[in-house]
Chemist: 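My structure is below; once you've seen it, I'll send some questions.
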Amino acid sequence: MTATRELLLSRIRDVPDYPTPGVMFKDITPLLADPAAFAALTDALAELSTRHGATKVIGLEARGFILGAPVALRAGLGFIPVRKAGKLPGATLSQAYDLEYGSAEIEVHAEDLTAGDRVMVIDDVLATGGTAEASLQLIRRAGAEVAGVAVLMELGFLGGRDRLVPALDGAPLEALLTV
């Protein structure tokens, strides 16, 4: 796993002062452009999904779609997109959550999750944990179980793990990299 971590980390580009001055943005597009690195990431996240007994994978908008769909395919699981409010047609479950300045809302198709599903949440980054926490609430409201949360990278200095661990209620939180 050390070799995989080194490969992944080597393909993440630091972009200073983006999107605002003082922020060091972690750009994963070089990783996605490298087939070996993207395959290694997909394999690692698929293995975590399988190990934790997932039956479905949720990808959080938007980069969670890019990572979650191939993970689901590799692991032989269904993929469910969790979208920003108003982006899905038909009956949805929605969950509002607080941001640093304001609030947001995410949605999932109501029929995509059922009792008996074990759901792994996939995203690129765990920052403050608000979106991931809201997705856990959606999973449980649909009657499904949380298999865990798996991310490429955790921004440890933002405290997302501290916020998310109580909401996980014993389910694992896996970060391939912590920066």
Chemist: When rounded to the nearest 0.5 angstrom, what is the spacing between CD1 in Ile122 and CG in Leu45?
Modeler: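 Ile122 CD1 to Leu45 CG: 4.5 Å, rounded to 0.5 Å.
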
Chemist: My understanding is that only residues two or more places apart in sequence, or in another chain, count here; which of them pass salt bridge (charged side-chain N to carboxylate O under 4.0 Å, His left out) with Arg141?
Modeler: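 For Arg141 there are no salt bridge (charged side-chain N to carboxylate O under 4.0 Å, His left out) partners, ignoring immediate neighbours.
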
Chemist: Check side-chain hydrogen bond (donor to acceptor under 3.5 Å, both in side chains) between Ser94 and all other residues, then give those that pass, not counting sequence neighbours.
Modeler: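 side-chain hydrogen bond (donor to acceptor under 3.5 Å, both in side chains) list for Ser94, sorted by chain: Glu105.
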
Chemist: Quick test of your reading: applying side chain to side chain donor-acceptor pair (under 3.5 Å), list the pairs with at least one residue in residues 75-86, sequence neighbours left out, ordered by first then second residue.
Modeler: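 Side chain to side chain donor-acceptor pair (under 3.5 Å) check on residues 75-86 returns Glu61-Arg83.
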
Chemist: Applying side chain to side chain contact (heavy atoms under 4.5 Å, CB included), can you list everything that pairs with Ala39, at least two apart in sequence or on another chain?
Modeler: none

Chemist: Under 4.5 Å between side-chain heavy atoms, hopping through other hydrophobics if needed: is there a path connecting Met24 to Leu126?
Modeler: no

Chemist: Could you tell me the separation between the CG atom of Asp169 and the CG atom of Leu136, rounded to the nearest 0.5 Å?
Modeler: 10.0 Å

Chemist: Just wondering, do Ser49 and Leu77 contact through their side chains at under 4.5 Å, heavy atoms?
Modeler: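 With C-beta onward as the side chain, the pair touches.
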
Chemist: Considering only residues two or more places apart or on different chains, which pairs with a residue in residues 142-153 satisfy side chain to side chain donor-acceptor pair (under 3.5 Å)?
Modeler: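 Passing the test, one end in residues 142-153: Arg118-Glu145.
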
Chemist: Going by salt bridge (charged side-chain N to carboxylate O under 4.0 Å, His left out), name the pairs with one or both residues in residues 119-135, residues two or more places apart or in two chains.
Modeler: Arg63-Asp124, Glu133-Arg163

Chemist: Let me confirm one number: the OG1-CG distance from Thr4 to Leu176, rounded to the nearest 0.5 Å.
Modeler: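 Rounded to the nearest 0.5 Å, the OG1-CG separation comes out at 8.5 Å.
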
Chemist: Taking the side chain as every heavy atom from C-beta outward, state whether Arg11 and Leu9 have any atom pair closer than 4.5 Å.
Modeler: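 Side chain of Arg11 against side chain of Leu9, heavy atoms only: no contact under 4.5 Å found.
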
Chemist: Kindly indicate whether the side chain of Leu152, heavy atoms from C-beta on, has any atom under 4.5 Å from the side chain of Leu177.
Modeler: yes

Chemist: Considering all heavy atoms of both residues, which atom of Ser135 and which atom of Ala132 are nearest to each other, and what is their separation?
Modeler: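 Ser135 and Ala132 have their closest heavy atoms at OG-O, 2.6 Å.
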
Chemist: Can you name the nearest heavy-atom pair linking Gly68 to Val57, along with the distance?
Modeler: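 Here Gly68 and Val57 meet closest at O-CG1, 3.8 Å.
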
Chemist: What's in the same ILVMFWY side-chain cluster as Val15, cut-off under 4.5 Å, chained through other members?
Modeler: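 Val15 clusters with Tyr18, Phe25.
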
Chemist: Check step by step if side chain to side chain contact (heavy atoms under 4.5 Å, CB included) holds for Val151 and Val125.
Modeler: CA-CA 6 Å; Val151 297; Val125 172; over 6 Å; no

Chemist: To the closest 0.5 Å, what do you measure between CG (Asp112) and CG (Asp117)?
Modeler: 9.5 Å

Chemist: Hey, could you give me the CD1/CG distance between Ile58 and Leu113, rounded to the nearest 0.5 Å?
Modeler: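 The CD1 atom of Ile58 sits 5.0 Å away from the CG atom of Leu113.
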
Chemist: Quick test of your reading: applying side chain to side chain donor-acceptor pair (under 3.5 Å), list the pairs with at least one residue in residues 149-161, sequence neighbours left out, ordered by first then second residue.
Modeler: Glu154-Arg161

Chemist: Flag yes if Val23 and Ile28 sit in one hydrophobic cluster, no otherwise; membership is Ile, Leu, Val, Met, Phe, Trp, Tyr, and two members link when side-chain heavy atoms are under 4.5 Å apart.
Modeler: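 No, Val23 does not connect to Ile28 through the hydrophobic network.
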
Chemist: Once rounded to the nearest 0.5 Å, what's the spacing between atom CG of Asp27 and atom CG of Asp14?
Modeler: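 If we round to the nearest 0.5 Å, Asp27:CG and Asp14:CG are 9.5 Å apart.
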
Chemist: Heavy atoms, side chains only, cut-off 4.5 Å: are His109 and Pro81 in contact?
Modeler: no

Chemist: Do you know which two heavy atoms are closest between Phe79 and Phe65, and how far apart they sit?
Modeler: CZ-CA, 4.0 Å

Chemist: If you group Ile, Leu, Val, Met, Phe, Trp and Tyr by side-chain heavy-atom gaps below 4.5 Å, do Ile12 and Phe157 land in one group?
Modeler: yes

Chemist: Just one of Val108, Ile80, Val119, Val121 clears the side chain to side chain contact (heavy atoms under 4.5 Å, CB included) bar with Leu138, so which one?
Modeler: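 Checked Val108, Ile80, Val119, Val121 against Leu138; only one passes side chain to side chain contact (heavy atoms under 4.5 Å, CB included): Val108.
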
Chemist: Out of curiosity, does Leu88 fall in the hydrophobic cluster containing Leu60 (side-chain heavy atoms, cut-off under 4.5 Å, transitive links)?
Modeler: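 No; tracing contacts between hydrophobic side chains, which count when under 4.5 Å, never links both residues.
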
Chemist: Give the minimum heavy-atom separation between Glu111 and Ala91, together with the two atoms involved.
Modeler: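 Reported closest heavy-atom pair: OE1-O, 4.0 Å.
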
Chemist: Excluding sequence neighbours, so at least two apart, what forms side chain to side chain contact (heavy atoms under 4.5 Å, CB included) with Asp17?
Modeler: Pro21

Chemist: Share the residues that join Leu7 in a hydrophobic cluster, the rule being Ile, Leu, Val, Met, Phe, Trp or Tyr side chains under 4.5 Å apart at the heavy-atom level.
Modeler: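 Leu7 clusters with nothing; isolated.
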
Chemist: Got a sec, which residues hit side chain to side chain contact (heavy atoms under 4.5 Å, CB included) with Glu174, two or more places apart in sequence or on another chain?
Modeler: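 So Glu174 forms a side chain to side chain contact (heavy atoms under 4.5 Å, CB included) with Leu48, Arg51, His52, Ala150, Pro172.
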
Chemist: Could I get the full list of side chain to side chain contact (heavy atoms under 4.5 Å, CB included) partners for Thr42, not counting sequence neighbours?
Modeler: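 Counting only residues at least two positions away or on another chain, Thr42 forms a side chain to side chain contact (heavy atoms under 4.5 Å, CB included) with Phe38, Pro70, Val71, Arg74.
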
Chemist: Side chain to side chain contact (heavy atoms under 4.5 Å, CB included), that's the test. Do Met153 and Thr178 meet it? Break it down for me.
Modeler: CA-CA 6 Å; Met153 163 176 38; Thr178 301; over 6 Å; no

Chemist: Verify the distance criterion only: is there a donor paired with an acceptor across the side chains of Ser103 and Tyr97 at less than 3.5 Å?
Modeler: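 The answer is no; no qualifying pair exists.
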
Chemist: Leu93 versus Glu107: any side-chain heavy-atom pair under 4.5 Å?
Modeler: no

